[in-house]
2 protein chains.
Amino acid sequence: MSLSYALLGLLSGDRPMNGYAIKALFDEAISHVWQAKLSQIYRELDALEAKGLLVSSIEEQRDRPSKRLYRATEEGKKAFLDWLGSVPESYASPKRDEFMLRLFFGSLAGPELVAREFRGFLGHMREHRASFENLHSHLAERFPGDPAMERADRICREDRYCEFIRRRAVLLAEASIAWAEECLAELEAEGDGRA
Amino acid sequence: MSLSYALLGLLSGDRPMNGYAIKALFDEAISHVWQAKLSQIYRELDALEAKGLLVSSIEEQRDRPSKRLYRATEEGKKAFLDWLGSVPESYASPKRDEFMLRLFFGSLAGPELVAREFRGFLGHMREHRASFENLHSHLAERFPGDPAMERADRICREDRYCEFIRRRAVLLAEASIAWAEECLAELEAEGDGRA
DNA sequence: GGGTATTAGTCAACATGTTGGATAGTGGTT
DNA sequence: AACCACTATCCAACATGTTGACTAATACCC
């Protein structure tokens with residue numbers, strides 16, 4: 001699946017990374033594209049190393065716990081590039097949206113409850129949109145002296161594809177906000193008329 | 001989690017349903033909100049019955065395999081309504097988008113490959129959008145004589161919240177299409193200039 | 001000196017999702 | 001007659017994702 005390719009991709013560069021830093025990178029840069037928990041990342045790194053697609057080495061640090069640095073083997077890089085060049089099975093991402101499911105049962109909940117949920121959703125989406133406007137990743141600050149993190153930070157700021165991704169996130173957030181405002185207005189107009 | 005509440009919600013009405021029909025309902029009406037495989041649905045129905053939230057009965061059919069009809073118990077209905085009235089933990093749905101992940105590694109893939117993926121994505125999204133324009137669910141046709149399916153069909157057509165959901169799906173699809181067209185145009189403009 | 005936060009990694013258990021096959025009758029196609 | 005598609009249920013195995021706990025060192029605050 002894709003998580004392993006994401007890891008291989010991140011570790012295909014010349015700068016090795018440890019699990020903890022990868023998690024930070026996921027959270028700051030990839031979280032609206034792909035999410036993963038720390039324990040999942042570690043497990044996956046283990047599995048990839050067992051398959052010979054990654055190798056790891058321990059780096060001792062003076063003032064901190066020592067860390068295990070991973071890098072892709074030649075085989076790992078090849079596996080990643082093969083995946084990148086392959087045709088994706090599907091362009092549809094799996095849908096599992098609790099808010100929408102609740103909305104589906106809206107008639108059983110009643111308009112007031114639904115309106116409340118819409119307000120919560122709007123709050124969330126507005127925050128979400130704002131988070132793109134004033135965001136630059138803090139990876140370099142959080143991992144001072146880590147070349148992999150400095151590079152990642154720079155890429156997130158400069159890379160055109162990262163910019164594409166950011167633009168889409170903003171557009172989708174705006175579409176969702178406009179939609180929710182319209183639905184809420186409809187619900188409230190009716191509520192006023194009745195109550 | 002939410003799948004069990006989705007099932008309880010569907011089975012809280014006065015019309016019992018069997019697993020196969022529930023799967024069809026998921027596919028036709030809820031698929032862009034929540035997806036589930038047949039085996040998962042059966043397993044979940046089992047678990048809910050074991051907890052006393054559902055009861056089942058076998059209905060023999062002349063010309064077809066007999067089916068197991070589920071309906072919610074009073075306890076099940078209560079559990080569903082409690083969930084519906086509760087505040088959702090999060091309005092963010094888990095993100096796991098393969099296409100976006102590939103795009104994140106765009107610089108490693110190169111503009112031609114990325115452009116190809118964008119074309120695939122556009123094809124998918126245009127189909128997706130079109131599927132809302134000429135769609136009315138065929139549940140009643142597929143399950144002739146099944147009152148639960150006739151009702152579900154009608155609700156999907158008439159219910160305002162289903163209409164909200166449909167509208168959002170269309171808006172998001174349109175935003176994605178506009179975004180992808182713009183990105184693709186940028187990539188192609190550059191490709192022409194160089195090639 | 002004690003509590004808490006941060007950095008770093010590991011593990012067990014559980015929850016959820018996916019794949020594929022077994023079973024079984026009906027109806028239609030080649 | 002052989003094969004496939006549809007309706008229907010169930011199960012085992014595996015893959016993936018989530019939660020929470022545990023270890024350990026350092027730093028920072030009170």
Side-chain angles (χ1 to χ4, degrees), chain A residues 1-7 16-27 31 34-51 56-70 89-90 93-96 98 138-139 141-146 148-149, chain B residues 1-7 16-27 31 34-51 56-70 89-90 92-96 98 138-139 141-146 149:
Chain A
M1 37 78 237
S2 299
L3 174 57
S4 46
Y5 295 110
L7 294 174
M17 277 190 260
N18 60 320
Y20 195 79
I22 291 173
K23 169 59 173 164
L25 183 51
F26 261 84
D27 287 347
S31 65
W34 203 278
Q35 290 165 245
K37 304 268 165 177
L38 238 191
S39 59
Q40 210 187 335
I41 290 171
Y42 282 124
R43 188 214 263 155
E44 207 59 44
L45 289 171
D46 265 10
L48 290 170
E49 192 171 22
K51 279 188 211 162
S56 70
S57 57
I58 302 283
E59 192 190 88
E60 308 279 340
Q61 296 181 105
R62 283 137 299 138
D63 51 343
R64 290 175 185 193
S66 53
K67 54 189 182 180
R68 178 180 293 273
L69 292 173
Y70 289 89
E89 313 112 52
S90 160
S93 62
K95 271 152 189 52
R96 220 155 275 133
E98 190 184 331
H138 316 281
L139 289 172
E141 297 164 39
R142 280 186 59 195
F143 296 85
D146 187 330
M149 290 298 108
Chain B
M1 37 80 238
S2 298
L3 174 58
S4 46
Y5 294 109
L7 294 173
M17 277 191 261
N18 60 320
Y20 193 80
I22 291 172
K23 168 62 173 162
L25 182 52
F26 262 84
D27 289 347
S31 65
W34 204 277
Q35 288 165 249
K37 304 266 165 178
L38 239 189
S39 60
Q40 210 188 334
I41 290 171
Y42 281 123
R43 187 214 263 154
E44 207 57 46
L45 289 171
D46 264 11
L48 290 170
E49 191 172 21
K51 280 188 209 161
S56 71
S57 57
I58 303 283
E59 192 190 271
E60 308 278 340
Q61 296 181 107
R62 281 138 298 138
D63 50 343
R64 290 175 185 193
S66 52
K67 55 189 183 180
R68 179 180 295 272
L69 293 174
Y70 289 89
E89 314 110 52
S90 159
S93 62
K95 268 148 189 53
R96 219 156 277 134
E98 190 184 332
H138 316 281
L139 289 172
E141 295 164 42
R142 280 186 60 194
F143 296 85
D146 187 330
M149 290 298 107

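Here is the naming used below: chain letters follow the sequence lines, and residue numbers restart at 1 for every chain.
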B/Leu45 CG to C/dG17 P, straight-line distance once rounded to whole Å: 14 Å

Would you kindly compare B/Ser39 and B/Pro94 by the position of their nearest DNA chain D nucleotide and give the one closer to the 5′ end? B/Ser39

Of the options D/dA8, C/dT7, D/dT18, whose atoms approach the side-chain atoms of A/Gln40 most closely? D/dT18

For the side chain of A/Arg96 and the base of D/dG17, is some donor closer than 3.5 Å to an acceptor across the two? no

Which heavy atom in B/Ser93 sits nearest to a heavy atom in A/Arg96, and how many Å separate them? CB-O, 3.5 Å

Rounded distance in Å - CD (B/Glu60) to C1' (C/dA24): 13 Å

Roughly, in whole Å, what's the span from CG in B/Leu38 to P in D/dA8? 11 Å

Looking at B/Tyr20, I'd like to know whether one of its side-chain N or O atoms comes within less than 4.0 Å of OP1 or OP2 on D/dT7. yes

Round to a whole Å and report the spacing from NZ of A/Lys37 to C1' of D/dG17. 9 Å

Quick note, B/Asn18 side chain, CB onward, closest among D/dG17, D/dA8, D/dT7 is D/dA8

Hey, is the side chain of B/Arg43 poking within less than 4.0 Å of OP1 or OP2 on C/dG17, counting only N and O atoms? no

In whole angstrom, give the distance that lies between atom CD of A/Glu44 and atom P of C/dG9. 16 Å

With the side chain of A/Phe143 defined as its heavy atoms from C-beta on, choose the nearest nucleotide among D/dT18, C/dA8, C/dG9. C/dA8

Given atom CG of A/Asp146 and atom C1' of C/dT7, what is their separation to the nearest angstrom? 13 Å

Criterion side chain to side chain contact (heavy atoms under 4.5 Å, CB included) on A/Tyr42 and A/Asp46, from CA distance to verdict: CA-CA 6 Å; A/Tyr42 282 124; A/Asp46 265 10; over 6 Å; no

Measure from the side-chain N and O atoms of A/Gln35 to the backbone N and O of B/Lys95, and report whether any donor-acceptor pair falls under 3.5 Å. yes

Rounding to an integer number of Å, can you tell me how far A/Asp27 CG sits from C/dT6 P? 14 Å

Report yes or no: does A/Lys23 contribute a side-chain atom to a donor-acceptor pair with the main-chain N or O of A/Ala36 at less than 3.5 Å? yes

Tell me the interatomic distance from B/Met1, atom CE, to C/dG17, atom P, rounded to whole angstroms. 7 Å

For the atom pair NZ (A/Lys37) and CG (A/Leu3), what is the distance rounded to the nearest 0.5 Å? 13.0 Å

